[in-house]
**Q** 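Quick one: structure below, then a few questions.
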2 protein chains.
Amino acid sequence: MSTDLLTDDSCGLRERKKRETRRALNLAALDLVEERGFAAVTTEEIAARAGVSTRTFFNYFPSKEAAVIGTTAEELESYAAALEQDVDGETPLESLRRILAGMLAPASIDRELRARRRRILLGEPSLAPALVGNNIRIENALTAALERRLAVQPGASLEARLTVAVAIAAVRACIEHQQNGGSGRLERNIDQAFERIAAGLR
Amino acid sequence: MSTDLLTDDSCGLRERKKRETRRALNLAALDLVEERGFAAVTTEEIAARAGVSTRTFFNYFPSKEAAVIGTTAEELESYAAALEQDVDGETPLESLRRILAGMLAPASIDRELRARRRRILLGEPSLAPALVGNNIRIENALTAALERRLAVQPGASLEARLTVAVAIAAVRACIEHQQNGGSGRLERNIDQAFERIAAGLR
DNA sequence: GCCGAATATGCAGTCACTGCAAAATTGCAG
DNA sequence: CTGCAATTTTGCAGTGACTGCATATTCGGC
């Protein structure tokens with residue numbers, strides 16, 4: 001196989017190949033779902049397009065949904081690390097707004113991929129349950145990170161988990177609003193939502 | 001079959017039988033999951049214990065998870081109706097606290113069943129994704145109800161959806177907190193959470 | 001008691017997902 | 001470069017969720 005451009009970071013050939021395979025599976029899944037819709041795609045086809053066996057597919061992802069969503073442990077850790085950092089005058093909620101908005105926004109590098117991902121994932125209503133299920137992982141990772149930042153024992157107070165859960169719910173609500181033909185642009189709505197939350201809901 | 005005690009409310013035998021079957025399936029599912037755990041129970045067994053064919057099982061519930069969770073459209077409507085009502089000086093958030101807490105609390109009649117349900121559902125981590133998926137239905141129903149109460153066009157403003165989503169997230173966060181061995185009792189934590197939200201998070 | 005409609009069932013089939021054991025690949029030491 | 005051990009891939013066989021369809025049963029009104 002051709003040695004590739006983006007060898008990301010680390011060590012041995014083994015690790016690199018695993019990353020490549022994982023990514024290939026995720027991209028294959030996105031392609032196929034975009035072409036035909038989630039229900040009409042089989043794990044066999046995804047594996048085939050990625051050039052591995054069906055069995056190997058399940059060595060990388062526990063379910064078809066997970067392959068399409070494709071959140072990696074690294075991404076999770078990177079978001080958690082970002083939240084753990086205490087940026088000058090930012091409240092936890094402000095940090096969460098920045099980080100969660102960043103997860104949605106097409107960032108500098110992966111621009112098109114991120115945008116495509118977003119379009120495909122949100123365009124498939126049948127993925128909604130899996131997506132919110134995936135949010136549990138995100139919530140747990142971010143909660144732990146915020147607890148470290150606040151220097152409290154894990155689970156000692158509700159504060160951290162509540163803040164994270166509410167922030168994620170706010171973003172989800174904006175997305176849902178968007179999909180139901182709601183008013184306003186997503187970015188702007190998210191800003192408004194966080195303002196409302198900081199001001200106190202009634 | 002023996003004519004039963006609680007014939008609930010309405011009309012024909014047909015409707016009553018459907019309710020009975022639905023309930024029987026839900027109870028059978030709860031029983032079996034309590035005995036053996038969700039993964040070790042098959043839809044065939046649930047159907048058998050409820051006295052119907054496997055095929056009929058899927059006429060009532062779209063998935064094994066749904067059968068265990070067992071939320072009915074009637075329940076949804078009743079919660080929505082409760083939220084739609086404008087109770088004296090209650091803010092929307094206060095109404096939501098009351099209604100969502102009521103969904104968890106073992107109510108007057110079904111006391112034991114509600115408690116059992118709660119224990120079983122929350123005791124099965126593998127059901128967590130399905131549970132949050134189910135929350136989407138609840139969120140949609142409550143959002144529509146709140147929009148009626150506020151007399152706004154559906155989807156016109158973010159307000160309703162945001163409030164509902166945040167309220168549900170708060171309850172979920174308290175449950176999650178509880179399950180991770182967090183401090184405090186559930187009821188009390190929910191109260192605190194809603195107070196924090198009304199006061200504004202940071 | 002009889003007919004149209006709703007409901008229950010059986011059957012065959014697809015596909016997600018798993019455990020297991022054999023084969024292929026990789027990293028490493030000699 | 002060569003064999004060796006660990007890791008990864010793969011094939012295979014099996015289980016079980018879920019669906020469409022055709023058929024039988026049951027219900028409600030006449």
Side-chain angles (χ1 to χ4, degrees), chain A residues 1-4 7 10-26 28-29 32-33 36-70 124-127 129-130 133-134, chain B residues 1-4 7 10-26 28-29 32-33 36-70 72-73 124-127 129-130 133-134:
Chain A
M1 296 169 194
S2 60
T3 40
D4 48 32
T7 48
S10 68
C11 41
L13 172 71
R14 218 156 213 169
E15 200 62 24
R16 194 160 50 232
K17 266 202 128 181
K18 273 179 76 170
R19 270 175 224 249
E20 267 174 51
T21 304
R22 189 178 191 81
R23 186 181 176 78
L25 281 169
N26 178 229
L32 289 168
V33 169
R36 282 179 247 167
F38 182 76
V41 171
T42 70
T43 56
E44 209 174 328
E45 294 169 316
I46 299 173
R49 178 171 295 212
V52 296
S53 72
T54 308
R55 190 62 186 79
T56 297
F57 173 96
F58 286 103
N59 287 340
Y60 281 87
F61 294 101
S63 68
K64 194 169 80 165
E65 288 88 341
V68 181
I69 295 176
E124 281 282 343
S126 55
L127 276 179
N134 193 46
Chain B
M1 297 167 196
S2 60
T3 41
D4 48 31
T7 48
S10 68
C11 40
L13 173 70
R14 217 158 215 169
E15 201 61 24
R16 194 159 51 232
K17 269 202 129 181
K18 272 178 77 171
R19 271 176 224 247
E20 266 175 50
T21 303
R22 190 179 191 80
R23 187 181 175 79
L25 281 168
N26 179 229
L32 289 169
V33 169
R36 284 180 246 166
F38 182 76
V41 172
T42 70
T43 56
E44 211 174 328
E45 293 169 316
I46 299 173
R49 177 171 296 210
V52 297
S53 71
T54 308
R55 191 62 186 79
T56 298
F57 173 96
F58 286 104
N59 287 339
Y60 282 86
F61 294 101
S63 68
K64 192 168 81 164
E65 288 87 342
V68 181
I69 296 176
T72 66
E124 281 281 343
S126 54
L127 276 178
N134 192 47

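Below, read A as the first sequence line, B as the second, and so on, with proteins coming before strands; counting in each chain starts at 1.
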**Q** Base, sugar-phosphate, or nothing: which does F61(A) touch, judged by heavy atoms less than 4.0 Å apart?
**A** nothing
**Q** Nearest heavy-atom pair of P62(B) and A66(B): which atoms, and what distance?
**A** CD-CB, 3.8 Å
**Q** Provide the closest heavy-atom pair for N26(B) versus G70(B) in the form atom of the first, atom of the second, distance.
**A** ND2-CA, 3.7 Å
**Q** To check you understand the geometry: which heavy-atom pair defines the closest contact between V41(B) and V33(B), and what is its length?
**A** CG2-N, 3.9 Å
**Q** By nearest atom, which of the nucleotides dC27(D), dG11(D), dT9(C) is closest to the K17(B) side chain?
**A** dC27(D)
**Q** Examine dT9(D): is either OP1 or OP2 under 4.0 Å from a nitrogen or oxygen in the side chain of T56(A)? Give yes or no.
**A** no
**Q** Closest heavy-atom contact between G37(B) and E124(B)?
**A** CA-OE2, 3.2 Å
**Q** Could you state the atom-to-atom distance from CD of E45(B) to P of dT15(D) in whole Å?
**A** 14 Å
**Q** Take the protein atom CD of E20(B) and the nucleotide atom C1' of dT26(D), then report the distance between them rounded to whole Å.
**A** 15 Å
**Q** Could I get the full list of side chain to side chain contact (heavy atoms under 4.5 Å, CB included) partners for Y60(A), not counting sequence neighbours?
**A** K18(A), T21(A), R22(A), L25(A), T56(A)
**Q** Expressed in angstrom and rounded to an integer, what is the separation of N59(B) atom CG from dT25(D) atom P?
**A** 17 Å
**Q** Specify the separation, in whole Å, of atom NZ of K18(A) and atom P of dG27(C).
**A** 12 Å
**Q** How close do A39(B) and K64(B) get, counting heavy atoms only, and between which atoms?
**A** O-NZ, 4.1 Å
**Q** Could I get a table of every N or O pair under 3.5 Å where one atom is in the protein and the other is in nucleotides 4-6 of chain D?
**A**
none

**Q** Could you run down the sub-3.5 Å N/O contacts of the protein with nucleotides 12-16 of chain C?
**A**
| from | atom 1 | to | atom 2 | distance (Å) |
| --- | --- | --- | --- | --- |
| dA16(C) | OP1 | V41(A) | O | 3.4 |
| dA16(C) | OP1 | T43(A) | N | 3.4 |
| dA16(C) | OP2 | T43(A) | N | 3.3 |
| dA16(C) | OP2 | T43(A) | OG1 | 3.0 |

**Q** I want to check one thing: is the phosphate of dT9(D), taken as OP1 and OP2, less than 4.0 Å away from some side-chain N or O of Y60(A)?
**A** yes
**Q** Starting from C1' on dT9(D), measure out to CZ on R22(A) and report it in whole angstrom.
**A** 16 Å
**Q** In this structure, how many angstroms lie between the C1' atom of dC12(D) and the CZ atom of F57(A), rounded?
**A** 19 Å
**Q** For F57(B) and A47(B), work out which heavy atoms get closest and say how close.
**A** CB-CB, 4.1 Å
